Novice: 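Mind having a look at this structure? Questions to follow.
Order of appearance sets the numbers: ligands from 1, and atoms from 1 within every ligand. The figures here come from the full heavy-atom set of this structure, side chains too, leaving out hydrogens, waters and symmetry mates. Bear in mind that the values here come from a model prediction, so they are computed numbers and not experimental data.
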Amino acid sequence: MIFDTHAHYDDEQFNEDRDALLCSMQEGGVGTIVNAGSDVASWEDVRTLTAKYAFVYGAAGVHPDDVGELNEENFARLKEILREEKIVAVGEIGLDYYWDNESHELQKLWFIRQLELARELGMPVIIHSRDAAADTLEIMKEYARGLQGVIHCFSYSVEMAREYVKMGYYIGVGGVVTFKNSRKLKEVVEEIPLESLLLETDCPYLAPVPNRGKRNSSLNLVYVAKQIAELKQVSYEEVVEQTEKNARRLYNIL
Ligand SMILES: [Zn+2]
C-alpha cells in the first residue's frame with residue numbers, strides 16, 4: 001500500500017474534516033503516513049495524531065523558517081518526544097534561503113544541533129532544503145554522514161541527487177513531479193534507482209495534477225506513483241511496493 005513519508009495533517013486546513021479524511025485512507029490505498037512536525041507547537045499535534053490513528057507515525061523537529069523559537073528548554077523537550085515509540089524521525093530540519101525567515105547562521109546552528117541529536121538517538125532525519133543546495137550539502141557531509149534520512153521534496157539537480165544517494169539518503173518525490181514544468185525532477189526520477197525514492201505529499205501543499213492548486217492529501221499519491229511508473233517504465237504496483245519497502249526501512253516500521 002501507499003506510504004506517505006511526509007504529511008502535515010496537523011495543519012489548520014484539515015480542521016473541518018481531518019478525521020473523516022484520515023479514516024478514508026485505507027480505502028484509498030494509503031497504508032501508512034508519517035506526519036512531520038515543523039515548529040514547537042506542532043509536536044503535541046503530531047503526538048495526538050499518532051495516538052489516535054494506528055497507521056500514523058510522527059516526526060518531530062523544527063523547520064528552518066521557525067528555528068528562532070528554539071532554545072535549550074524546548075530542545076530538551078524535543079529530545080524527550082523523540083524517544084516516544086511512534087515518533088520515528090527527526091524532522092523536518094534543514095535550510096531555507098527562499099523564504100529566508102531566519103538568518104543563515106541561526107538556521108545552520110539549529111540544523112546542526114538537530115542532526116547531532118539524531119545521531120545521539122540513532123534516528124533518521126527528514127531534510128528540508130530550498131535554494132540552499134551548497135550549504136546543505138556542506139553541512140550534511142560534515143554532520144550527517146552515516147545517518148539515515150530523506151531529502152524531502154527534492155528540488156535540486158541529478159548530480160546533487162546522486163551525491164545524497166551515495167551517502168545512503170533517499171530522495172522524496174511528491175506532486176511537483178506531475179507538473180508540466182518539472183523537467184529537472186522528472187530527470188532525477190529517471191536517473192535515480194527506485195530503491196532510493198520515496199513517495200510524499202507535504203500536504204496540504206503541492207497537490208499533483210489533476211488536483212494542482214487544491215488542498216493536497218495522501219489520496220493524491222496515486223497520481224505521483226503513476227507518474228513515477230511512467231518515467232521509470234515500470235508498473236504502478238512496483239512503484240507503490242518498492243517505495244513502501246524503502247519507507248519502512250528508513251523509518252524502521254516493520
Ligand atoms: Zn513539510
Novice: Would you please classify the geometry between the H6 ring and the H152 ring as parallel, tilted or perpendicular, with 30° and 60° separating the classes?
Specialist: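 Parallel, since the angle between the ring planes stays under 30°.
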
Novice: Is the ring pair F3/Y251 parallel, tilted or perpendicular, if the boundaries are 30 and 60 degrees?
Specialist: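 Parallel, since the angle between the ring planes stays under 30°.
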
Novice: Sequence neighbours left out, what passes side chain to side chain contact (heavy atoms under 4.5 Å, CB included) with A133? Give chain and number order.
Specialist: Y156, M160

Novice: Hydrophobic cluster membership, with links at side-chain heavy-atom distances under 4.5 Å among I/L/V/M/F/W/Y: are V188 and L206 in one?
Specialist: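 Result: yes, single cluster for both.
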
Novice: So for atom OH, which belongs to Y53, do other residues, nucleotides or ligands contribute more than 12 heavy atoms lying within a distance under 6.0 Å?
Specialist: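 Atom OH in Y53 is crowded, with more than 12 foreign heavy atoms closer than 6.0 Å.
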
Novice: Does Q114 use its side chain to pair, donor to acceptor, with the backbone of V62 at less than 3.5 Å?
Specialist: yes

Novice: Protein N, O or S atoms at less than 2.8 Å from the Zn ion (ligand 1), how many?
Specialist: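 Protein heteroatoms (N, O, S) closer than 2.8 Å to the Zn ion (ligand 1) number 4.
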
